[in-house]
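Read the structure below first, then the notes.
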Amino acid sequence: FPPSPANPFPFLMRRKRVLVTGGAGFIGSLLCGRLVEEGREVLCLDNFVTGDKENVAGLLCRSDFEIVRHDVVEPFLLEADAVVNLALPHARFRANPVKTVKTAVMGAINVLGLGKRIGVRVIHASSADVYGQACEEPVPESCRGFVNPIGENACLAEGKRVAETLMMDYRVQNGVDVGIARLFPVYGPGMAEDGEIAGFIAAALSGRPLSVPGDGSGLRFPFFVGDAVTGLLSLLERPGFAGPVNLGDGRGLTVLELARLVIRLSGSSSGVKLSGQEPGRVFKMRPDTGLATRELSFSAVTGLEAGLSATIEYFRANKEPVRE
């Protein structure tokens with residue numbers, strides 16, 4: 001099954017039914033759509049805590065798409081030919097830290113148990129949070145990082161770290177074919193409204209000043225959701241390759257440049273104000289994407305202007321502006 005324009009993901013031709021946990025979420029819903037476009041059957045599993053059935057509304061009438069309401073913390077018995085694990089309440093992880101840890105750890109155990117039972121490849125969407133404070137930049141997969149196990153972000157960072165441990169242990173002990181993707185911050189249409197880029201867009205569309213943290217010199221490395229999905233599919237295409245592998249975009253800019261770009265692309269008359277303080281969980285790490293290029297033939301291709309324009313149009317069409 002060599003790659004071809006009509007069949008860019010040959011592994012999926014042999015793996016017809018794909019289970020996507022967290023499939024009604026931001027990244028998961030787009031992944032489900034891409035899989036269906038590729039001619040695969042998709043089983044979407046979600047508890048709708050942060051996911052939304054509206055995200056996959058366009059797929060509900062299709063015979064090759066099925067949705068099941070279920071929490072991955074609880075065991076489940078399903079049949080599939082491959083699994084992509086995206087289940088985690090990223091948008092609200094601090095609101096219920098215990099639930100976040102349980103979803104990351106128990107969810108991984110249940111997904112891996114399924115993978116062991118039915119003998120399929122399991123792709124796990126981890127996070128750059130596992131690096132904590134990076135030891136070098138750009139950040140390679142070999143970086144062990146520095147994570148505070150009792151900090152306000154620990155529920156996410158440590159949950160993802162334990163999930164990676166479980167993935168590798170199931171691979172060594174039980175022969176489960178796993179692949180670990182460390183996703184750097186993703187943006188795009190459908191993203192949560194509480195992120196930095198979403199906040200900039202909401203302010204610009206409302207005509208309010210954009211509050212830029214610090215002195216505006218902090219770096220950001222936005223990663224478009226369409227590229228993130230392509231990266232996950234590329235990892236799924238590499239049976240036997242476990243990673244972990246960074247999926248991100250090393251093309252960065254300052255946060256002040258980002259704010260001004262949002263203003264220009266949205267046609268807003270908003271101004272910029274410096275807040276003088278950086279929030280606690282803002283990624284300033286440039287990902288080292290060399291491994292993804294070598295092993296997966298993957299690199300981010302969506303330019304920031306194109307990605308932001310699509311995101312701005314999504315917010316313009318779907319969100320009510322908040323005016324002062």
Side-chain angles (χ1 to χ4, degrees), residues 1 9-23 25 27-28 31-32 35 38 40-47 66 68 70-88 100-130 141-142 144 156-183 228-247 291-292 294-296 298:
F1 298 92
F9 300 110
F11 178 72
L12 294 176
M13 294 298 291
R14 305 192 298 274
R15 300 292 186 267
K16 187 176 182 182
R17 192 173 197 232
V18 182
L19 168 64
V20 181
T21 65
I27 301 174
L31 176 62
C32 288
L35 288 166
E38 295 293 336
R40 305 306 99 216
E41 294 180 5
V42 174
L43 177 57
C44 168
L45 191 77
D46 206 295
N47 64 356
E66 183 180 356
V68 176
H70 187 82
D71 192 326
V72 294
V73 170
E74 303 298 331
F76 51 92
L77 296 175
L78 297 168
E79 298 297 326
D81 300 299
V83 181
V84 181
N85 181 36
L86 284 158
L88 199 77
T100 297
V101 173
K102 289 176 68 176
T103 302
V105 177
M106 296 304 300
I109 290 173
N110 288 329
V111 165
L112 286 162
L114 177 70
K116 174 185 174 184
R117 180 178 66 83
I118 59 181
V120 301
R121 182 156 171 77
V122 176
I123 301 302
H124 174 65
S126 188
S127 168
D129 282 278
V130 300
E141 289 83 358
S142 59
R144 299 295 176 260
L156 178 60
E158 298 291 6
K160 287 291 190 182
R161 285 163 72 100
V162 173
E164 286 194 14
T165 299
L166 287 164
M167 292 286 155
M168 286 305 192
D169 287 346
Y170 266 79
R171 179 174 184 258
V172 172
Q173 183 173 327
N174 299 304
V176 179
D177 184 12
V178 303
I180 301 171
R182 289 176 177 167
L183 292 171
V229 167
T230 299
L232 290 169
L233 290 173
S234 299
L235 181 57
L236 183 59
E237 281 294 296
R238 284 281 277 107
F241 176 67
V245 59
N246 289 336
L247 294 183
L291 184 62
R294 294 190 301 271
E295 294 291 341
L296 307 180
F298 167 78

Open item on the list: If the test is side-chain contact (heavy atoms from CB on, under 4.5 Å), which one of Ile109, Thr103, Asn47 qualifies with Val72?
Closed with: Thr103
Open item on the list: Could you check whether any side-chain heavy atom of Leu35 comes within less than 4.5 Å of a side-chain heavy atom of Leu233, counting everything from C-beta outward?
Closed with: yes
- [ ] Considering non-hydrogen atoms only, spot the tightest contact between Val42 and Cys32 and give its length.
- [x] CG1-SG, 3.7 Å
Open item on the list: If we ignore hydrogens and angles and just use 3.5 Å, is the side chain of Glu141 paired with the main-chain N or O of Asn246 as donor and acceptor?
Closed with: yes
Open item on the list: Please report the interatomic distance CG(Asn85) to CE(Met167), rounded to the nearest 0.5 Å.
Closed with: 5.5 Å
- [ ] Apply the side-chain contact (heavy atoms from CB on, under 4.5 Å) test between Leu235 and each candidate in Leu247, Val84, Leu296; give the one that qualifies.
- [x] Leu296
Task: Exercise: identify the closest heavy-atom pair between Gly113 and Tyr170 - done: N-CE2, 4.1 Å
Open item on the list: Nearest 0.5 Å, please: how far is CE in Met168 from CD1 in Ile180?
Closed with: 4.0 Å
Task: Spatial distance of atom CZ (Arg182) from atom CG (Asp129) [nearest 0.5 Å] - done: 11.5 Å
Task: Separation of Thr100 OG1 from Glu158 CD (nearest 0.5 Å) - done: 13.0 Å
Open item on the list: Applying side-chain contact (heavy atoms from CB on, under 4.5 Å), can you list everything that pairs with Glu66, at least two apart in sequence or on another chain?
Closed with: Arg17, Leu43, Val68
TODO: Check whether any side-chain heavy atom of Leu88 sits under 4.5 Å from a side-chain heavy atom of Leu156, and report yes or no.
DONE: yes
TODO: Test Leu31 against every option in Val18, Val229, Ile123, Thr230 by the side-chain contact (heavy atoms from CB on, under 4.5 Å) rule and name the one that passes.
DONE: Val229
Open item on the list: Given 3.5 Å as the limit, does a donor-acceptor pair link the side chain of Thr21 with the main chain of Leu86, or not?
Closed with: yes
TODO: Any chance you could measure Leu114, atom CG, to Leu77, atom CG, to the nearest 0.5 Å?
DONE: 8.0 Å
Open item on the list: Do His124 and Pro244 make a side-chain contact, defined as non-hydrogen atoms from C-beta onward lying under 4.5 Å apart?
Closed with: no
TODO: For the pair Glu79 and Arg117, find out whether any cationic side-chain nitrogen is under 4.0 Å from an anionic carboxylate oxygen.
DONE: yes
TODO: Would you check if the side chain of Arg294 reaches a backbone N or O of Ala292 as a donor-acceptor pair within less than 3.5 Å?
DONE: no
Open item on the list: Using every non-hydrogen atom in the two residues, find where Asp46 and Gly25 come nearest and quote the distance to one decimal.
Closed with: OD2-N, 3.6 Å
Task: Chi angles and distances behind the salt bridge (charged side-chain N to carboxylate O under 4.0 Å, His left out) call for Lys16, Glu38 - done: CA-CA 10 Å; Lys16 187 176 182 182; Glu38 295 293 336; over 6 Å; no
Task: From CG (Leu112) to CD (Gln173), nearest 0.5 Å - done: 11.5 Å
Task: Any donor-acceptor N/O pair, Asn174 side chain to Val176 backbone, under 3.5 Å - done: no
Task: Result of checking Lys116, Arg171, Arg121 against Asp177 for salt bridge (Lys or Arg N to Asp or Glu O under 4.0 Å) - done: Arg121
Open item on the list: Could you report the tightest heavy-atom contact between His70 and Pro75, atom names first, then the distance?
Closed with: NE2-O, 3.3 Å
Task: Residue pair Leu291 / Phe298, side-chain heavy-atom distance below 4.5 Å - done: no
Open item on the list: Restricting to non-hydrogen atoms, name the atom on Val130 and the atom on Ala157 that form the minimum distance, rounded to 0.1 Å.
Closed with: CG1-O, 4.2 Å
TODO: Identify the two heavy atoms, one from Leu183 and one from Ala228, that lie closest to each other, and give their separation to 0.1 Å.
DONE: CD2-CB, 4.3 Å
- [ ] Flag the pair Glu164 and Arg161 as a salt bridge only when some basic side-chain nitrogen lies within less than 4.0 angstrom of an acidic carboxylate oxygen.
- [x] no
